[in-house]
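Below is one structure, written out as structure tokens; the observations come after it.
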2 protein chains.
Amino acid sequence: MTEITTKDRLLDTAERLFAERGVKETSVRDITKAARTHLASVNYHFRSKNGLIRAVIARRIKPLNKRRFELLDSYIAEAGNKPVTVERILHALIAPSIELYLENPHFLSFAGRMISTPDKQLHRIFASQMDEVFSRIKDQLMLAIPDIPEKELMWRIHFTTGAIIHTWTNHADLEIRSGGICKIKDKEEVINELIAFCGAGLRA
Amino acid sequence: MTEITTKDRLLDTAERLFAERGVKETSVRDITKAARTHLASVNYHFRSKNGLIRAVIARRIKPLNKRRFELLDSYIAEAGNKPVTVERILHALIAPSIELYLENPHFLSFAGRMISTPDKQLHRIFASQMDEVFSRIKDQLMLAIPDIPEKELMWRIHFTTGAIIHTWTNHADLEIRSGGICKIKDKEEVINELIAFCGAGLRA
DNA sequence: ATATGTTTCATACGTACGTATGTATCATTT
DNA sequence: AAATGATACATACGTACGTATGAAACATAT
């Protein structure tokens with residue numbers, strides 16, 4: 001509950017409020033009040049509100065992609081000379097995000113929205129990180145399903161991304177609409193459903 | 001270029017600026033200035049900024065869903081006693097939105113973002129409209145692919161939605177990343193790719 | 001114990017915002 | 001032509017915002 005430093009408390013609180021209310025809708029005063037510190041602390045620790053936003057993002061995004069690459073590399077090593085299966089490639093892409101979501105839902109609902117933010121600077125932060133991931137995923141998919149033309153593959157990776165991100169941002173609606181039977185808490189189920197859907201879509 | 005009434009000019013301008021910059025990031029002053037009218041006109045014609053936001057949404061969302069239902073109904077009639085194919089069901093869901101996007105890209109990139117807005121009131125406007133659509137789409141899909149358990153179907157409709165919305169909001173990234181080969185302007189291609197991907201995913 | 005660097009805090013500044021008000025202009029009807 | 005209602009407009013109010021400043025409290029090291 002109580003974090004060690006003010007700086008961490010600010011990061012945690014900002015992350016939560018950004019997710020719950022939006023970035024523009026959350027004032028520095030809201031954040032510092034909720035973090036039980038003083039107004040000037042954001043400017044002291046992060047230079048500006050924008051600095052805080054960037055710090056919130058930086059804290060989570062690198063570890064997430066690191067985990068994806070670790071998984072992907074392990075599957076590549078495991079497969080030896082043979083291509084990694086589509087399902088394993090998707091698992092490396094999807095599972096780390098769902099795991100992160102269940103550890104800390106705030107960041108990914110925030111991030112999911114920021115991926116389509118009109119703020120070009122913020123958008124670029126996420127887009128550049130995703131480019132790395134897509135590049136590696138695409139390489140592996142081209143080995144796994146070599147018959148799919150590149151153009152088609154790019155569309156399908158795009159749709160896959162959409163399905164994943166929509167799950168970060170809008171699973172609550174699904175839970176309500178499904179009368180509570182589709183829950184993001186069912187981690188394995190979410191991952192398996194995403195992999196089944198996107199896997200079939202990719203091979204289509 | 002020049003619209004007939006101030007009211008329409010405000011709607012068009014607001015729609016564009018909301019899409020380009022975001023709702024919170026667009027001030028009433030920005031809108032009225034770009035629409036070449038005076039500050040007070042928003043309050044006069046729409047009561048408040050919030051009223052303007054709602055009017056922008058109302059103008060587009062009903063006709064969009066009307067078109068979807070028209071298509072779906074025509075496919076149902078055409079199929080007679082037999083179930084409508086998955087591909088036709090998806091066509092009724094997808095094609096009207098891509099067509100609207102190409103007529104007026106502003107609304108759907110705005111709407112795509114608003115579907116995951118933390119603003120509960122705004123979110124509800126979109127979510128309630130989508131509930132209607134999902135309900136009818138789901139009924140038809142249950143006839144088309146009766147072997148898929150309901151829970152699984154709901155997940156897959158959710159993923160389908162994600163793929164579509166992500167295309168409204170983030171196709172520009174795909175176009176860049178693909179070196180220009182995947183373009184939303186290729187209407188038939190986008191629709192066909194979406195249908196192929198989601199169709200395969202739904203049947204998986 | 002004193003000095004030094006770090007963190008906390010109260011407060012102030014300038015700006016931008018949504019909205020309300022009062023008046024002026026225009027169009028329509030009689 | 002006069003009256004009436006709709007629209008346009010300039011302007012003011014109060015509030016909320018991000019940031020800056022300078023002093024206070026605290027911790028650490030010598």
Side-chain angles (χ1 to χ4, degrees), chain A residues 1-59 110 113-114 117-123 125, chain B residues 1-59 110 113-114 117-123 125:
Chain A
M1 195 71 217
T2 307
E3 295 80 9
I4 303 170
T5 65
T6 299
K7 198 168 177 178
D8 286 333
R9 225 163 53 243
L10 283 171
L11 285 169
D12 290 343
T13 308
E15 181 176 67
R16 179 172 60 82
L17 293 181
F18 289 164
E20 288 175 355
R21 310 179 186 175
V23 172
K24 193 84 181 188
E25 291 79 1
T26 303
S27 71
V28 174
R29 284 170 175 81
D30 291 337
I31 297 165
T32 52
K33 198 170 184 179
R36 297 181 193 284
T37 175
H38 50 95
L39 176 58
S41 59
V42 162
N43 296 84
Y44 175 75
H45 286 289
F46 302 98
R47 234 183 46 90
S48 66
K49 183 183 180 183
N50 227 290
L52 173 57
I53 296 169
R54 286 161 186 277
V56 166
I57 297 165
R59 186 172 63 150
F110 162 61
R113 273 187 275 116
M114 287 304 104
T117 181
D119 181 312
K120 303 215 168 166
Q121 291 199 31
L122 279 185
H123 176 80
I125 294 175
Chain B
M1 196 71 214
T2 308
E3 293 83 8
I4 304 171
T5 65
T6 298
K7 199 168 175 179
D8 285 333
R9 223 163 53 243
L10 283 170
L11 285 168
D12 290 342
T13 308
E15 182 176 67
R16 178 172 60 82
L17 293 181
F18 289 164
E20 288 175 356
R21 311 180 186 174
V23 172
K24 192 84 180 186
E25 292 78 1
T26 303
S27 71
V28 173
R29 285 170 175 81
D30 291 337
I31 296 165
T32 52
K33 197 170 186 180
R36 297 181 194 282
T37 175
H38 51 95
L39 177 57
S41 59
V42 162
N43 294 288
Y44 175 74
H45 286 288
F46 303 99
R47 236 184 45 90
S48 66
K49 183 183 180 182
N50 229 289
L52 173 57
I53 296 169
R54 286 161 187 275
V56 166
I57 297 166
R59 185 171 64 149
F110 162 61
R113 274 187 274 116
M114 287 304 105
T117 180
D119 180 312
K120 303 214 169 167
Q121 292 198 31
L122 279 185
H123 177 81
I125 294 176

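Numbered from 1 within each chain, the chains take letters A, B, ... in sequence-line order.
- In this entry the distance linking CD of B:Glu25 with P of D:dC17 reads 14 Å, nearest Å.
- Remark: the backbone N or O of B:Arg29 is paired with a side-chain donor or acceptor of B:Thr32 at under 3.5 angstrom.
- Side-chain atoms of A:Val56 and A:Phe110, non-hydrogen and from C-beta on, do get closer than 4.5 Å to each other.
- Of the residues in residues 47-59 of chain B, not one comes within less than 4.0 Å of DNA chain D through any heavy atom.
- Listed nucleotides: D:dA8, C:dT21, C:dT19. Nearest to the side chain of B:Asn43: C:dT19.
- As rounded to whole Å, 12 Å separates atom P of D:dT7 from atom CG of B:Asp8.
- Taking the charged nitrogens against the carboxylate oxygens, A:Asp30 and A:Arg21 do have a contact shorter than 4.0 Å, which makes a salt bridge.
- Going from atom NZ of B:Lys33 over to atom P of D:dC9 covers 15 Å, rounded to whole Å.
- Distance B:Lys24 NZ to C:dG18 C1': 10 Å, rounded to the nearest Å.
- From A:His45, atom NE2 reaches atom OG1 of A:Thr37 across 6.5 Å, with rounding to the nearest 0.5 Å.
- Of the two residues contacting DNA chain C, namely A:Leu39 and A:His45, the nearest-nucleotide position lying further toward the 5' end is that of A:His45.
- Side-chain nitrogen and oxygen atoms of B:Thr37 include none within less than 4.0 Å of the OP1 or OP2 phosphate oxygen of D:dA8.
- The separation between B:Tyr44 atom OH and C:dA24 atom C1' is 14 Å, rounded to whole Å.
- For the pair A:His38 NE2 and D:dA25 P, the interatomic distance rounds to 14 Å; values are reported in whole Å.
- At distances below 3.5 Å, at least one donor-acceptor pair connects side-chain atoms of A:Ser41 with backbone N or O atoms of A:His38.
- A:Ile31 places its CD1 atom 11 Å from the P atom of D:dC17, with the value rounded to the nearest Å.
- Side-chain N/O atoms of A:Thr6 include one lying less than 4.0 angstrom from OP1 or OP2 on C:dT8.
- Atom CZ of A:Arg36 is separated from atom P of C:dC9 by 12 Å (rounded to the nearest Å).
- Under a 3.5 Å cut-off, the side chain of B:Arg54 and the backbone N or O of B:Ile125 do not form any donor-acceptor pair.
- Regarding contacts with the backbone of D:dA16, every side-chain N or O of A:Ser27 stays at 4.0 angstrom or more from both OP1 and OP2.
- Put simply, the side chain of B:Lys24 never gets that close to the backbone of A:Val23: no donor and acceptor are under 3.5 Å apart.
- Along DNA chain C, the nucleotide closest to A:Arg29 and the one closest to A:Ser41 are compared, and the more 5′ of them pairs with A:Ser41.
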